Amino acid sequence: MAILDILTAPNPHLHRKARPVEKVDTGTQKLMDDLLETLYAHGAIGLASVQVGMLQRVIVIDLGERHTCSIKPLFMANPEITYASQALQMTTEACLSVPNFTGNITRPLEVQVSYLDENNVQKTLTAEGLLADCIQHEIDHLNGVLYIQHLSSLRRNLILSKLTKTKRNRR
Ligand code: NI
């Protein structure tokens, strides 16, 4: 396993759309393991391939003590939302690709997601609360969408300009 470098905004690669996985093979499993090790190294709860510059549709999720699902960690290839509740929830989200910021995001409270697990087995999972929020956040990444795109343009531009300044100062 390896800890991978995380792309941070602003970066055009974070807005690329990941491609479906044909079959979860040993290469996909290695990516899943590396994503999980990277997630744990940063104390995060979810990570998507696009954040490390890979374009397979793969996400990993482990909510730690807040995990509400018997499968832990969750490895998902080709995750697709097949149902989203009309009931909404607001969650304070953070993202390794948007370091040092958070934002209040409103999304469906409950979702059903179909996916291939780490053994290439088709699964369906119903999730609510933080797990549902995290799944939606990570699937957004696979479609090239950051959570800040759900914020007002004023707030988003403020965050992006501060991140740009931080990057400039690091050079
Ligand atoms: Ni994220």
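Bear in mind that the values here come from a model prediction, so they are computed numbers and not experimental data.
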Does atom [atom1] of [X] have more than 12 heavy-atom neighbours from other groups under 6.0 Å away?
X: K17; atom1: NZ; value: no
X: N119; atom1: CG; value: yes
X: E22; atom1: CD; value: no
X: K123; atom1: NZ; value: yes

Could you grab the distance from atom [atom1] of [X] to atom [atom2] of [Y], nearest 0.5 Å is fine?
X: Q89; Y: I105; atom1: CD; atom2: CD1; result: 11.5 Å
X: L163; Y: N11; atom1: CG; atom2: CG; result: 11.5 Å
X: H42; Y: I3; atom1: NE2; atom2: CD1; result: 7.0 Å
X: L130; Y: H137; atom1: CG; atom2: NE2; result: 11.0 Å
X: L109; Y: S85; atom1: CG; atom2: OG; result: 5.0 Å

Inset, instruction - Taking R57 for its side chain and L142 for its backbone only, find out whether a donor-acceptor pair lies under 3.5 Å. - result: yes
May I ask you to test the [X]-[Y] pair for a side-chain heavy-atom distance under 4.5 Å?
X: L74; Y: L63; value: no
X: M76; Y: L125; value: yes
X: Q86; Y: P108; value: no
X: N78; Y: Y115; value: no
X: D5; Y: V52; value: no
X: R155; Y: I148; value: no
X: T28; Y: Q56; value: no
X: V50; Y: H13; value: no

Inset, instruction - State yes or no: do V24 and L36 share one hydrophobic cluster built from I, L, V, M, F, W and Y residues joined by side-chain heavy-atom distances below 4.5 Å, directly or via other members? - result: yes
Inset, instruction - Say whether V111 and F75 are linked into one hydrophobic cluster, either directly or through other cluster members, by side-chain heavy-atom distances under 4.5 angstrom. - result: no
Legend entry - I6 and its side-chain contact (heavy atoms from CB on, under 4.5 Å) partner, picked from L39, L96, L14: L96
Inset, instruction - Check T102, D133, N104 against T92 for a side-chain hydrogen bond (donor to acceptor under 3.5 Å, both in side chains) and give me the one that passes. - result: N104
Inset, instruction - Scan side-chain atoms only and decide if Y40 and D62 contain a donor-acceptor pair under the 3.5 Å cut-off. - result: yes
Inset, instruction - Would you please say whether a donor-acceptor pair under 3.5 Å links the side chains of S97 and Q51? - result: yes
Inset, instruction - Salt-bridge test for D25 and K30: reply yes if a basic N is under 4.0 Å from a carboxylate O, no otherwise. - result: no
Inset, instruction - Taking all heavy atoms of L47 and all of L35, pick out the closest pair and write down the distance. - result: CD2-O, 3.4 Å
Inset, instruction - Carefully, step by step, assess Y147 and Q136 under the rule side chain to side chain contact (heavy atoms under 4.5 Å, CB included). - result: CA-CA 10 Å; Y147 82 81; Q136 293 172 81; over 6 Å; no
